[in-house]
Amino acid sequence: MNALHFCLATTLLACSQTAFAQWQWVDESGRKVFSDRPPPAHIAPHQILQQPRPASAATQRIIYPAENGSAPGAVIDPKEAEAAAKAQALKAEQEAHKAAEAKAQEDSKKEEAQRKAEEAERKKKEQEVAKARQENCQRAKSTHSTMQSGMRLVYTNEKGERSYMTEQQRQAELQRAQEAIKSNCP
């Protein structure tokens with residue numbers, strides 16, 4: 001009976017080691033993950049912290065869950081898994097590079113649109129200034145011709161009374177109109 005108990009205990013002990021096999025790895029967010037199942041295929045081998053030892057030396061392959069269209073429970077060689085992980089990391093890096101290029105192009109388009117809007121605003125302001133200068137030029141020329149006409153000119157003084165313009169006032173207004181013509185007319 002003791003031999004039977006010994007054989008039974010030895011068998012249970014051998015089976016229990018594989019039953020309590022634990023995987024430990026670091027996921028994308030940096031957390032440690034513990035599981036009785038292998039990590040997903042996108043986890044790089046250097047991220048696997050602990051894996052169960054094979055029951056025998058003949059067991060050198062790891063069974064990963066189905067991903068990327070492979071059959072459920074497909075057997076994958078660790079070297080193949082590492083190569084697949086590297087390929088996936090390279091693909092992710094290329095996608096990140098493409099996203100960065102797309103963002104750079106989008107930023108460039110926004111800057112170009114902003115530059116065009118600023119240029120249009122500047123041209124609009126220049127046109128407004130040119131229009132105001134043209135109107136000022138016409139008013140100054142009109143005032144200049146009126147002052148040189150020799151007609152008697154009437155204006156309203158500070159008291160609200162109508163008064164005739166003196167020759168000195170006429171010359172001052174004529175001088176002011178000539179300066180306006182010089183500064184506003186091309």
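The model shown is predicted, which means the values in this text are computed figures rather than measured ones.
Here the side chain of S108 pairs no donor or acceptor atom with the backbone of A104 at under 3.5 angstrom. Counting only distance, with no hydrogens or angles, the side chain of S149 and the backbone of T146 share a donor-acceptor pair below 3.5 Å.
When all heavy atoms of Y155 and Y164 are compared, the closest pair comes out as CE2-O, 3.6 Å. Taking both residues in full, the closest heavy atoms of P39 and W25 are given as CB-CD2, 3.3 Å, listed atom of the first, atom of the second, then distance. The two residues R170 and M147 have their closest heavy-atom pair at NH1-O, 2.9 Å. Closest heavy-atom contact between A177 and T143: CB-CG2, 4.1 Å. Here the closest non-hydrogen pair linking K141 and C185 is CE-SG, 3.8 Å. Considering every non-hydrogen atom in both I43 and A85, the closest pair reads O-CB, 4.4 Å.
Ion pair R176/E173 flagged as a salt bridge, since at least one NZ, NE, NH1 or NH2 atom sits closer than 4.0 Å to an Asp/Glu carboxylate oxygen. Salt-bridge check for R115 with E112: passed, with a basic side-chain N closer than 4.0 Å to an acidic carboxylate O. Between R122 and E126, at least one side-chain N (NZ, or NE/NH1/NH2) sits under 4.0 Å from a carboxylate O, which counts as a salt bridge.
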**Request:** For the pair H144 and L174, evaluate side chain to side chain contact (heavy atoms under 4.5 Å, CB included) and give the outcome as yes or no after the intermediate values.
**Result:** CA-CA 6 Å; H144 186 267; L174 187 61; 3.3 Å; yes
**Item:** Pair Q171-Q175, side-chain hydrogen bond (donor to acceptor under 3.5 Å, both in side chains): steps then yes or no
**Value:** CA-CA 6 Å; Q171 289 301 321; Q175 181 66 29; over 6 Å; no
**Request:** Begin with the C-alpha distance, continue with both residues' side-chain angles, and end with the deciding distance and a verdict on side chain to side chain contact (heavy atoms under 4.5 Å, CB included) for E135 and K131.
**Result:** CA-CA 6 Å; E135 289 173 358; K131 184 178 178 182; 3.6 Å; yes
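Around atom CZ of F34, more than 12 heavy atoms belonging to other residues, nucleotides or ligands sit under 6.0 Å away. Counting heavy atoms of neighbouring residues, nucleotides and ligands inside a 6.0 Å radius, atom CD of E128 exceeds 12 of them.
No donor-acceptor contact under 3.5 angstrom links the side chains of R133 and N136, judged on distance only. Side chains of H97 and E93: a donor-acceptor N/O pair is absent below 3.5 angstrom, by distance only.
To the nearest 0.5 angstrom, Q47 atom CD is 8.0 Å from H42 atom NE2.
With respect to W23, the side-chain contact (heavy atoms from CB on, under 4.5 Å) criterion is satisfied by exactly one of L49, I48, D36: I48.
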